[in-house]
Engineer: 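Before I ask anything, let me first share the structure, which is written out below as structure tokens.
Quick note on labels: first sequence line is chain A, next is B, and so on, each numbered from 1.
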Protein chains: 2
Amino acid sequence: MTSLGLLAGALTTGCWLPQLLRSWRTRSTDDISWTYLALLGTGIVLWLAYGLLSGDLALIAANGVTLLFITTIAGMKSRETARPRVADPSADTLAGP
Amino acid sequence: MTSLGLLAGALTTGCWLPQLLRSWRTRSTDDISWTYLALLGTGIVLWLAYGLLSGDLALIAANGVTLLFITTIAGMKSRETARPRVADPSADTLAGP
């Protein structure tokens with residue numbers, strides 16, 4: 001039984017790797033909204049607590065690692081949001097004083 | 001205890017709503033890779049089986065609804081992939097015979 005849970009966890013946690021690598025490679029987390037990260041992060045913390053309280057190894061392992069991934073993406077996103085956006089030169093803006 | 005799991009599930013499942021609505025509104029699922037959907041979908045099915053076998057209501061409810069969301073996004077993505085891409089008129093392509 002636990003192995004089924006561990007396999008499920010490995011997949012749902014592992015599915016974050018392509019997204020994590022894509023965000024890392026493209027330096028863009030634009031399509032991952034803060035709402036999504038906040039909801040998911042809170043839910044994962046609660047699943048982790050639920051796993052700890054029920055002593056469910058599969059839940060603890062899966063949600064522990066997923067939490068690590070999510071905090072990494074959130075870190076990238078906050079650094080990206082802090083970085084000044086380069087104005088798009090092709091956009092024809094009225095050059096004023 | 002179950003209420004903790006149900007709350008966790010409501011959050012991790014609910015977090016798919018902004019992503020689902022965004023994909024629906026923008027008609028674009030480009031930033032959700034097939035690898036991600038395939039890994040996640042398989043993992044969620046296994047979590048559902050794990051929940052059914054252990055009689056865990058929170059796991060069953062959360063993963064049942066999440067599976068519904070994921071299949072909806074996959075449906076949008078497959079229709080989008082099937083739709084012919086409109087060539088970008090501004091791209092200066094060599095007009096051939």
Engineer: Do the side chains of L57(B) and L46(B) join up, straight or via other hydrophobic residues, at under 4.5 Å, putting them in one cluster?
Structural biologist: no
Engineer: For chain A, find which of L53(B), T35(B), L37(B) contributes the most heavy-atom pairs closer than 4.5 angstrom.
Structural biologist: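 Going by pairs under 4.5 Å, I would pick L53(B).
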Engineer: If you count the non-hydrogen atoms of other residues, nucleotides and ligands that lie under 6.0 Å from CH2 in W24(A), is the total more than 12?
Structural biologist: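 Counting neighbours around CH2 of W24(A), 12 or fewer heavy atoms of other residues, nucleotides or ligands fall under 6.0 Å, so no.
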Engineer: Tell me which of these, T26(A), T2(A), L48(A), L59(A), has more heavy-atom pairs under 4.5 Å with chain B than the rest.
Structural biologist: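 The candidate making the most pairs under 4.5 Å is L59(A).
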Engineer: To the nearest 0.5 Å, what is the distance between CD1 on I32(B) and CD1 on I32(A)?
Structural biologist: 9.5 Å
Engineer: Determine whether V45(B) and F69(B) fall in the same hydrophobic cluster, where Ile, Leu, Val, Met, Phe, Trp and Tyr are linked whenever their side-chain heavy atoms lie under 4.5 Å apart.
Structural biologist: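 Yes, same cluster.
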Engineer: How long is the span from the CG atom in L17(B) to the OH atom in Y36(A), to the nearest 0.5 Å?
Structural biologist: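 Taking CG in L17(B) and OH in Y36(A), the distance rounds to 11.5 Å.
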Engineer: Using non-hydrogen atoms and a 4.5 Å limit, figure out which bit of A49(A) sits close to chain B: side chain, backbone, both or neither.
Structural biologist: both
Engineer: To the nearest 0.5 Å, how far apart are OH in Y50(B) and CG in L7(A)?
Structural biologist: 12.0 Å
Engineer: Between D56(A) and chain B, which part of the residue has a heavy atom less than 4.5 Å away: side chain, backbone, both or neither?
Structural biologist: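 For D56(A), side-chain heavy atoms alone lie under 4.5 Å from chain B.
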Engineer: For a quick test of reading the model, state the closest non-hydrogen atom pair linking A62(B) to W47(A) and the distance between them.
Structural biologist: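 Looking at all heavy atoms of both residues, the closest pair is CB-CZ2, 3.6 Å.
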Engineer: Using non-hydrogen atoms only, which part of A10(A) is less than 4.5 Å away from chain B: side chain, backbone, both, or neither?
Structural biologist: neither
Engineer: Please name the pair of heavy atoms, one in A8(B) and one in G43(A), separated by the smallest distance, quoted to 0.1 Å.
Structural biologist: CB-O, 3.7 Å
Engineer: Transitively linked via ILVMFWY side-chain contacts under 4.5 Å: M1(B) with I44(A)?
Structural biologist: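 No: no chain of side-chain contacts under 4.5 Å links M1(B) to I44(A).
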Engineer: Under a single-linkage definition using a 4.5 Å side-chain heavy-atom cutoff for Ile, Leu, Val, Met, Phe, Trp and Tyr, are V65(B) and L52(B) assigned to the same hydrophobic cluster?
Structural biologist: yes
Engineer: What part of S54(A) gets within 4.5 angstrom of chain B, counting heavy atoms only: side chain, backbone, both, or neither?
Structural biologist: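 Both parts, heavy atoms under 4.5 Å.
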Engineer: Say you draw a straight line from CG of L40(B) to SG of C15(A); how long is it, rounded to the nearest 0.5 Å?
Structural biologist: 4.0 Å
Engineer: Between T42(B) and L11(A), what is the shortest heavy-atom contact and its length?
Structural biologist: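 Reported closest heavy-atom pair: CG2-CD1, 3.6 Å.
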Engineer: In Å and rounded to the nearest 0.5 Å, what is the OG1 to CG distance from T13(B) to L39(A)?
Structural biologist: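 CG of L39(A) is found 10.5 Å from OG1 of T13(B).
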